[in-house]
Amino acid sequence: MTDLKEITAALEERAAVQGPRRILHPRRRLHQAALWIADTVILASAAATLIASSAPWVRIDQGSVEFPNFRTWIRADAAWLAALWVYLLVRILLGSRNRRGWMKRILIRGLAGLFLLFLVLTHLLPDRRPPERVSVFAEGFSIQAPIPFDPDHTDPEAFRAPPSRRHLLGTDTQGRDLLSRLIHGGRVSLLVAFCSTLIAVSLGLLFGAVCGFFGGLVDLLLMRVLEIFLCFPQLFLLILVFAYLPGSLLAVVAMIGLVAWTSIARLVRAEVLRIKNHDFVLAARALGCPSFMVLIRHVLPLSVGPTLVAASFCFAGAMISEASLSFLGLGLPQGTPTWGRILFDGKGALDYAPWISLFPGLLLFLAIASIHFVGERLRDALDPRARVIAPEIMPSVSISKGRIR
Amino acid sequence: MRTYLLKRLLFCVPTLLGITLVTFALSRMVPGGPLSQRLALLHEEGIEVGDEEIARYRDLLALDRPLLHQYGTWLRQSTTLDFGRSQSGDNLPVRTKIGEALAVSLGLQLVSILFIYVLSIPVGCYGAVCYGRWHERWVTLGLLLLYSIPVFVLAYLLIVLLCTGQVLSILPLHGLRTIDRQGFTWLDHAADIARHLVLPVICLSAAGFTAMTRYMRAGMVEALALDFVRTARAKGLRERTVIFKHALAHGIVPVLALLAGLFPYLLSGSVIVENIFGIPGMGRLAFDSVQSRDYPTLMALSLIIGIATMAGFLVSDLLQAAFDPRVRLR
Amino acid sequence: MQSSTAVRWAVLLAGVILASLGVLFATSIDQAEGEAQRTEPPPFLKSHAFTDLARKSLKGSSSEPPVRGGTLTTSWFTDPQTLNNITRYDSYANRVCRYFLFPPLLDIDGSTLELRPELAASFPELSGDHRTQTWTLKKGVCWHRGLADGTVVEVTTRDVQFCFDLIKNEKLAAPHLQSPLAKFKSLEVVDAYTFRIKLDEPYARAVYDFGWEFRLMPAHLVTAPPERFDEDPLSREPVGYGPFRVEKWDRGSHLTLVRNLSYPSPAHKPYYVERLRLLFVRDLDQTLPLFRRGEIDIAVMNDPTRYEVARKEDDLRERATFHEYYLPRWLYIGWNNDHWAFRDPRVRRAMTFFFPREMMASRFYEGHAAVLSGPFAINAKGYNHAVKPLPFDPGAGEALLREAGFADHDGDGWLDRDGKKLEFVVLEPINNPAALESGFEMFQKELSKAGVAMTTEQMAFDVLLESRAKTHQFAAISLGWSPDPVDDDLFVVFHSSMCEGGNNFVNYRNPECDALLERARVEHDPQERIRISHRLHEIIDADHPMTFLINPESLVLVSTRIRDVNITQLGSLMYDWWIPK
Amino acid sequence: MTDVVLKVKDLAVSFMSELGLVRAVDGVDFELRRGETLALVGESGCGKSVTAHSILRLVEHAGGRIERGSVWFNGADLLKMPAEALRRVRGNRIAMIFQEPMTALNPVFTVGEQVAEVIREHLGRKRKEARAQAIDLFARVGIPDPSQRVDHYPHQLSGGMKQRVMIAMALACSPLVLIADEPTTALDVTVQAQILDLIASLQREQGMAVLLITHDLGVVAEVGDRVSVMYCGRMVEHGTAHEVFSEPLHPYTHGLISSIPSLTAPRGQLRAIPGGVPDPLDFPSGCRFHPRCFLKTRLETAAESGGSRICSEVSPSLREWRPSHPAACHFAEHMPPAAKEPAP
């Protein structure tokens, strides 16, 4: 089948110049949906204070115009908006086909500008929400936030109310609006997942690279350390975290991160071992590159592909284990709304108020499904073999009439 | 082969030492201890304990001897499998406590591992063979739904649906066996345990099953693209043989490597399942000894979980060597 | 993929999801309506039976005579640690030993909360200076297992002497027993059934302490030496003398007790049930499902909302009677009296004004909690109902804070005084009930409106107690106290001497209160003790060292299979419950 | 006419790629006679391998789609045959060997097992019998001490040895047709000669027809009886090896032959065909070789106007310029004999 490979090479060359017209992947519609979901979740979390807050955006009261919503902003809101701009930047750069193009240059500069603005804002704003002196539903015309409830606003007459026009997703057992709690909860869940994935990936990459590349005694010792951590079920980390720094964000992130890094380390080690003997690595060594440089410039970039995929699965796993931790009484304090926590609090009411657990569960599923498909898209994008010739023609069996004979 | 096993055993020793040392350090570094745990319980009961009784009780528990000395004595005793007595109040020898829990948990975990592998291989193959077809897409979405449901929500859903009689009442809810089982033949015993194990095994292995299926499918997709599959087809073998003999034999190797990661994963997962379904297994024992700061049980548990995981590693390596002749055990 | 099949599949899947939602919605009911505002003490017990079958099972409504036999199953959280009567200390072991296996010398009558002789034939004779007590044992009480050759061994002073010497032994590791019995210096055997004990100085509750705390073990069967006493095989297969003996103990799963008719049980405790099974259910959310399946007969509900929903379900109304009763427990927020802001009682009272206790009791506890004004259970005799709990009034709270010198001097919206912002952390044990947690969230919101910054921090209970409470390193702490049902001794909580080493975490010092507490310890006359408690209640409410929150109500479902369901002040002790054939 | 074993009529195979539809094979016709070796020759990427794979419909598994055409074997059209019937032909009546022996064998099974399973499948032999037959097959293809080698794994054999195993596997059921897809490209020259001799001797022994796919004209000259030259998915010339090598009728063939470096010819600059393989997505109109065709440029210069325009408009069909020596070129008669006048 040599000439099939030739055709691929020719097409590859053509695609590099002109860029493939449309990505032909059997799952492209799913991947597209996944990207949209990821966008909406991150947008909603970033602008949580804008979207779900009882403080209206604008209030015109006998001539005086006020922006109560902006006054409730705290440092975290600004930091999140900065993160949003970074996400949009990355999304535009990766998403579109042609890297150049004037429209893109303006967008990048604009976003970079906004990013700096929000960074500055982060230092100006207080780090704790100022007292809500002003009564919320004052008279005068005011533009309400789309979801006019704070995450911890208890609605006296709507306890365990099923989804209605007033509360789109219903309320929980303490009468708090579920949709606003999910939006604000998204923030913490994403933060927990992101930080623990960061820990897991950084440790995993470091460990895996060093173990795989240098081998010999170093590999022997570090593998033992890795095994120690692997034999350490999450349970035993409970000892340290359970009493020492319970219920804090750092504790939850540490626990999830310190367990997840071992699988990434093993993956990276295997990749590095495989890549180490490739010709171009030997060539780099032959050219006199110091071994550290070879590792960083040549070997690691290649293992980034599978690591990214593993990282996306670790991200999804972190969001789930955050819920399981709250089951063991070790998650974040009961007040902080995260998806896992809301899911856990609603578990008792599964048979008489199922929406309390159903919607966070659905949201968790959508987030994890989108992360999974983005991860899969990454893997296929980074794996050269399936890139140009559409994987639709990836080797699959022609099954006549649906039966494998 | 024997030299390889010897080498592996030799490597286990530093790791096991490391695990027990880390557990020892962790448990001692954390504030509180068996004494403060007991005083808290007494406070809860409204009983006040004078200072001299506390002092006398502390030296009975021998907590204040130098740490390294304590670790040394523990190590010496553990070589003779005498792990001392549990400090969580029931003062049972740790050996019997862990023995009981291990028997229950090992059964549950092995059945789960079997369940995971038996199911994930065919579903993985199906996913690879029909990659991209619409029904495979719905199956993948379904698997993702299963993966993204936390264990306890899945457990409660199944309980509300199958146990409490609001919808159905076909499966038992609590414990490993029905309590009054006089006059049971061994068949009834087996059936009884099986009925009790259905829900815990499903909850325990749900996430593991979906993860394993994903790896299996990735392995199979890669295997199906290799040249020898084309040769097999050119030889005119049946499609079934091509997939389940040639492609599977090559695609299953990475999945076997995951066996090693399953043991610790199942243990921490079983904490939740054992709590919900009332199964007195290793997960629950580990969680209780963590909460009641029961040092001897914790140390013994860390050793045994370490050994179990090492065994997991060894078994997965041997399986890999058995399946793939290119892997030489050196 | 042809779009038509995709559409078809999507519609099908959406239909399935909606259908399952519909089924689950059908069982959900409107939310509970609030309870009326509580003024005088709520009745101790409210039992509801909604169907005539349920009514038949209530106390005194069934006409048939009680029948012996049947098995009654209930669910507990976890195993008793050990059933060794000397070394047991956790609440589950105490309940099994004290009520079923080893009834003490004096027992508390559940309905009247008075002491009654149980193992003792009668109350002890006291010497003139109350420093010696002469006890006589009941005759004919035998150990469940006699000597090896089968001869029955009676409970005699030989066992009492053996246990007294054991408790006094230095090497025995049982601080929970040695500490309360430290007052009794010596024991002298008079004859086979009477013995005399001596104290060094008179103590009002000495009779109650000895009668209730003293524990017996079968002298003829004990083998382990004192220093390793809890390794005695009797810890696992206990031999008692009480109305029940252990039939089977499957650790982690269940404990089955079977009736022992040879024990001369007092008239008010006939114990008709033949077999009592305790199922250990670690996850409290499983109690109701187990009850629905009929695997347990008594379901203690831990979540008031779940109880309210269960009360409205038809199939549960047929199969269960619903009981709500107050067990003695009071939850409080302790303000550290040495804290720069909480030193001032006005600030402490202001805090109580900000806590919406009535709203928490009626909304989050669904009306199943009583707001308190003092350190007493709501039904305790010592509770002075003349002292009304402060209402929820943020205005009065802000006025008090202004009076105490707090105002927004630097204009950042937060109150402060001489440059220091009013900001504090409330320490809580890890798994506080969700309803209390929501109460704290409301409290935080109200304080935030008034310009006070409050946050909560959660910590393991024993670490909280050991490293923060006892060492007074906190601004505010949220704890609870289970007072002694018969006669609570507040000395350990409020006496100034108890600041170091005792339970006076909040450093509350008030000479008049100390005097009253000391007098209460020696006062024998019950009426006088009640007057002292009422006076204490007024003083503590005036000083306001703590914000007393609520006394939560216990909510229990009992299966209609059981007749004469009578809940005592000590909970469901199944004295006279019986199960028809 | 010796009986035709395999007849391919107007075969067209296409692939879907991100850049659109790629027609790798666009109307190919050829015949394969008993006992004869037909060499299918062409530059890389001209569709010769795809043609070979579509005979046994293996190309469907690689994502290709057979658009039109038919492959007649034993009176039946393999392309329309039900999958089960085709399966019984594969490996049994028509066998195939591939280019990289390194990856063509399953690393986790012994070579003996991989050969025996074909025997068990098609000839229904029992396990032991199949193994014995595999051993003597190894002996026939020249593998030293076959009874031991049969239990070895592929990674324990050299490239040449593995190709011999592939051949043994192919000849297990003594097929009528052997399709060899560049069997020697991955091997070094000495082993290449042994494999070609082996195939030739087995062919004579069993009267098997061999369809040899190669881009190495040296191999064609040595073993090929008849030759078909392909360019950009189309057949440009058929003929006996001698005819095509001595008097090529198609400029592309002429260019190919004249670019073979020969030991005897004087040193000098090698002659190569100008330009490169055209882009598979938009082949040049008319005759696909016209942009690189030296004949067209020569005719233009010779001012026979109107002549060369036809090259770029009408795609030439195969015409019998000489008996049983068709070529797809409008001006085949003007072709200079290869030997005398090498292309400019």
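Chain letters run A, B, ... following the sequence lines, proteins first, then strands; residues in each count from 1. Atom set for the values below is all heavy atoms of this structure, side chains included, hydrogens, waters and symmetry mates excluded.
Residue B:Glu274 does not touch chain C at all, counting heavy-atom pairs closer than 4.5 Å. With a threshold of 4.5 angstrom between heavy atoms, B:Phe152 does not approach chain C through any atom at all. Residue C:Ser467: no heavy atom, backbone or side chain, is found under 4.5 Å from chain B. Contacts between C:Leu290 and chain B at a heavy-atom distance below 4.5 Å involve backbone atoms as well as side-chain atoms. Of the two parts of C:Val492, only the side chain, counted from C-beta on, holds a non-hydrogen atom closer than 4.5 Å to a non-hydrogen atom of chain B. Contact of B:Ile276 with chain C is made through backbone and side chain together, with heavy-atom distances under 4.5 Å. At a 4.5 Å heavy-atom cutoff, the contact between C:Asn503 and chain B is made by side-chain atoms alone. No part of B:Arg177 comes within reach of chain C, as not one of its non-hydrogen atoms sits under 4.5 angstrom from that chain. With a 4.5 angstrom heavy-atom cutoff, B:Leu41 touches chain C only via side-chain atoms. Heavy atoms closer than 4.5 Å to chain B are found nowhere in C:Asn84, neither backbone nor side chain. Heavy atoms closer than 4.5 Å to chain B are found nowhere in C:Arg228, neither backbone nor side chain. For chain B, the nearby parts of C:Asp230 are the backbone and the side chain; heavy atoms of each come within less than 4.5 Å. No part of C:Glu213 comes within reach of chain B, as not one of its non-hydrogen atoms sits under 4.5 angstrom from that chain. Only the side chain of C:Arg329 comes within contact range of chain B, with at least one heavy atom under 4.5 Å from a heavy atom of that chain.
Across B:Cys163, B:Gly278, B:Gly175, B:Ser86, the residue that shares the most heavy-atom pairs under 4.5 angstrom with chain C is B:Cys163. Of the listed residues (B:Val104, B:Leu92, B:Leu39), the one with the most heavy-atom contacts under 4.5 Å to chain C is B:Leu92. Heavy-atom pairs under 4.5 Å with chain B were tallied for C:Asp285, C:Thr73, C:Leu464, C:Asp484; the largest tally goes to C:Asp285. Ranked by heavy-atom pairs under 4.5 Å with chain B, the list C:Glu466, C:Glu295, C:Arg277 is led by C:Arg277. Comparing C:Thr256, C:Leu279, C:Asp315 by heavy-atom pairs within less than 4.5 Å of chain B, the highest count is held by C:Leu279.
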Quick one, C:Phe280 with B:His174, criterion ring pair (Phe, Tyr, Trp, His ring centres under 6.0 Å). Give me CA distance, side-chain angles, the key distance, then yes/no. CA-CA 9 Å; C:Phe280 302 129; B:His174 185 74; 9.0 Å; no
Report the C-alpha separation of C:Asp90 and C:Arg95 in whole Å, then their side-chain angles, then the decisive distance to 0.1 Å, and conclude whether the salt bridge (charged side-chain N to carboxylate O under 4.0 Å, His left out) test is met. CA-CA 9 Å; C:Asp90 69 292; C:Arg95 271 195 257 165; over 6 Å; no
Take C:Trp76 and C:His254 through the test ring pair (Phe, Tyr, Trp, His ring centres under 6.0 Å) and record every step on the way to the result. CA-CA 9 Å; C:Trp76 277 5; C:His254 71 281; over 10 Å; no
Stepwise salt bridge (charged side-chain N to carboxylate O under 4.0 Å, His left out) check, C:Glu313 with C:Arg292: CA-CA 11 Å; C:Glu313 263 175 53; C:Arg292 286 185 208 278; 2.6 Å; yes
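Defined by atom type and a distance below 3.5 Å, a donor-acceptor pair is present between the side-chain atoms of C:Asn94 and C:Arg88. Using a 3.5 Å distance cut-off with no hydrogens or angles, the side chains of C:Arg293 and B:Ser169 do pair a donor with an acceptor. Side-chain contact, B:Glu136 with B:Thr140: a donor N or O sits under 3.5 Å from an acceptor N or O.
Using a 4.0 Å cut-off between a side-chain N of Lys or Arg and a carboxylate O of Asp or Glu, B:Asp288 and B:Arg293 do not qualify as a salt bridge.
Looking at B:Pro93 and B:Phe83, their side chains never come closer than 4.5 Å, going by heavy atoms from C-beta outward.
Exactly one of C:Leu83, C:Asp232, C:Thr82, C:Val96 qualifies for a side-chain contact (heavy atoms from CB on, under 4.5 Å) with C:Pro238. That residue is C:Leu83.
Annotation: cation-pi pair B:Arg133/B:Trp138 absent, no NZ/CZ under 6.0 Å from the ring centroid and within 45° of its normal.
Here the straight-line distance linking atom CG of C:Asp250 with atom CG of C:Leu255 works out to 10.0 Å at 0.5 Å rounding.
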